[in-house]
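First up is the structure itself, then whatever we jot down about it.
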Amino acid sequence: MTSQKPLTPADLQHAAQQFQIAGELRDVRALQRGHIHDTFISTWHVDGEDHRFLHQRMNDKVFHDIPAVMHNIETVSRHLRRKMAGANTLDGFRVLDLVLTKGERSYLVADSGQWRTYPFIEDTSSRDHCSGPEQAFEAARAFGWFQSQLADLDASCLRETLPRFFSTPYRLQQFEDALAEDPQNRAAACMPEIRFAQTRHDMAFVIDRLLQSGEIPRRTVHGDTKLNNVLFCNKTGRARCIVDLDTCMPGYSLYDFGDLVRFTAATSDEDERDLSRVGTDLRLYRALVDGYLQGTRGSLSPREMELMPFAARLVTYTIGLRFLADHLAGDVYFKVHRPNHNLDRARVQFAMVAKMEEQAEAMAVSSVS
Ligand code: GN1
Ligand code: MG
């Protein structure tokens, strides 16, 4: 199972206190965030003021090589910081700094697990739902900018912490393997979803073929461009920081764009049970296209631009495959909070793909602007 051993309040306090943080620890609280790690916020009192920090116990059942994950984060952050010292910066944008441990390391190895800590960036917030086209534009611009800044980072400096993470053929294979094994006898109860996945088998190979033939370039991507991985300034609404660099690895540009659409332009939650609510908001979609094109600053080729609507469908399908595979495998990867949670998530992704197929014409990038 993905879950690590349960944490006691003493584990939390102990982990937080191993980092270079001044003041007196007031409290540590859980933050419901993401499907992989365990996240907490601590408050520290110093000189009459409160300061907050974000701690994550990293999931070593998912990321088997935590030193490699931390190496990638440090490499990407260092590169971005260097670029921002030049003229390439977005207004008010900042790179997240890791807080070092008292032993001067970027993460802590404790009995309770492996931990990292960031300062909590005050006066910002992250959003699970998009407030409108302006926010969608801003998120896409920030992720586009982020990716364009990684274009001159030597990809051989990054480790492939999750092999073939962005490959849809690999996700299809994982799904087929889970289906063949069906360890929990769940397949019979999700035949419509299984059929949906299998009838779209062909689309899985499109991007890999284009990468192999060199028609589209490999690029280092963020790899998890959910809206809630952007911190927005509470005063101006502008993007201040991009978080969650766990999946920064070589991939293809449109993965980031597709994942942006999947999450930010969604008309429902990722695990909505009422499928009549599921869909893609075209106004938000257009704002994402515009923001992404602006953020990547002309670095996308015409072929990549043409593939933007396809990428939205493909990434949504791919994440759907991952949720369905995990449901069949017995919920061993993504955290679940209710029975059939991964199946519900897969259903939403597939319903969104079906809607996007109907909207394909309206999503073509030439018809945007
Ligand atoms: C996972 O845990 P979180 O929200 O950062 C997953 C992403 C998926 C996402 C789906 C390492 O991200 O790839 O797109 O769930 N991260 C990993 O919501 O697998
Ligand atoms: Mg993530």
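One-based numbering, in listed order, for ligands and for the atoms of each.
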Mode of K226 contact toward ligand 1 - side chain, backbone, both, neither (heavy atoms, under 4.0 Å)
side chain
Check the angle between the aromatic planes of W44 and F53 and answer parallel, tilted or perpendicular using the 30° and 60° thresholds.
perpendicular
If we check ring-ring contact (aromatic ring centres under 6.0 Å, His included) with F93, which of these qualifies: W145, F146, F232?
W145
Please check if any side-chain donor atom of T43 sits under 3.5 Å from a side-chain acceptor atom of D27, or the reverse.
yes
Which residue and non-hydrogen atom of the protein lie closest to atom 16 (N) of ligand 1, and at what distance in Å?
I36 CG1, 3.9 Å
Within the 4.0 Å heavy-atom shell around Y333, which atoms of ligand 1 are there?
11 (C), 17 (C), 19 (O)
F165 heavy atom under 4.0 Å from ligand 1
yes
Side-chain donor-acceptor contact under 3.5 Å, Y292 with S253:
yes
At a 4.0 Å threshold, what atoms of ligand 1 neighbour a non-hydrogen atom of R322?
7 (C), 8 (C), 13 (O), 17 (C), 19 (O)
Measure from the Mg ion (ligand 2) to every N/O/S atom of D244 and report the name of the nearest one.
OD2
Verify the distance criterion only: is there a donor paired with an acceptor across the side chains of R347 and N342 at less than 3.5 Å?
no
Tell me whether H51 at atom NE2 has more than 12 heavy atoms from other residues, nucleotides or ligands lying less than 6.0 Å away.
yes
Using the ring-ring contact (aromatic ring centres under 6.0 Å, His included) rule, take F323 and F334 through it: C-alpha gap first, then chi angles, then the decisive distance, then the call.
CA-CA 8 Å; F323 286 142; F334 296 106; 4.7 Å; yes
Atoms in ligand 1 flagged as close to R262, the criterion being non-hydrogen separation under 4.0 Å
10 (C), 14 (O), 18 (O)
Going by the order shown, which atoms of ligand 1 are within less than 4.0 Å of some heavy atom of F63?
11 (C)
Interfacing atoms of ligand 1 (cut-off 4.0 Å, heavy-atom, D244):
5 (O)
Which of the atoms in ligand 1, numbered in the order shown and given with their element, are less than 4.0 Å from a heavy-atom of E270?
10 (C), 18 (O)
For the Mg ion (ligand 2), decide whether D224 has an N, O or S atom at a distance under 2.8 Å.
yes
Of K335, R345, R277, R338, which is the lone residue that meets salt bridge (Lys or Arg N to Asp or Glu O under 4.0 Å) with D271?
R338
Of the backbone atoms (N, CA, C, O) and the side-chain heavy atoms from C-beta on, which set of D224 has a member under 4.0 Å from an atom of ligand 1: side chain, backbone, both, or neither?
side chain
Looking only at N/O atoms, are H35 and ligand 1 under 3.5 Å apart anywhere?
yes
Report yes if the side chains of L282 and R286 come closer than 4.5 Å at any heavy-atom pair, otherwise no.
yes
Distance under 4.0 Å to a non-hydrogen atom of I319: what atoms of ligand 1 satisfy this?
14 (O)
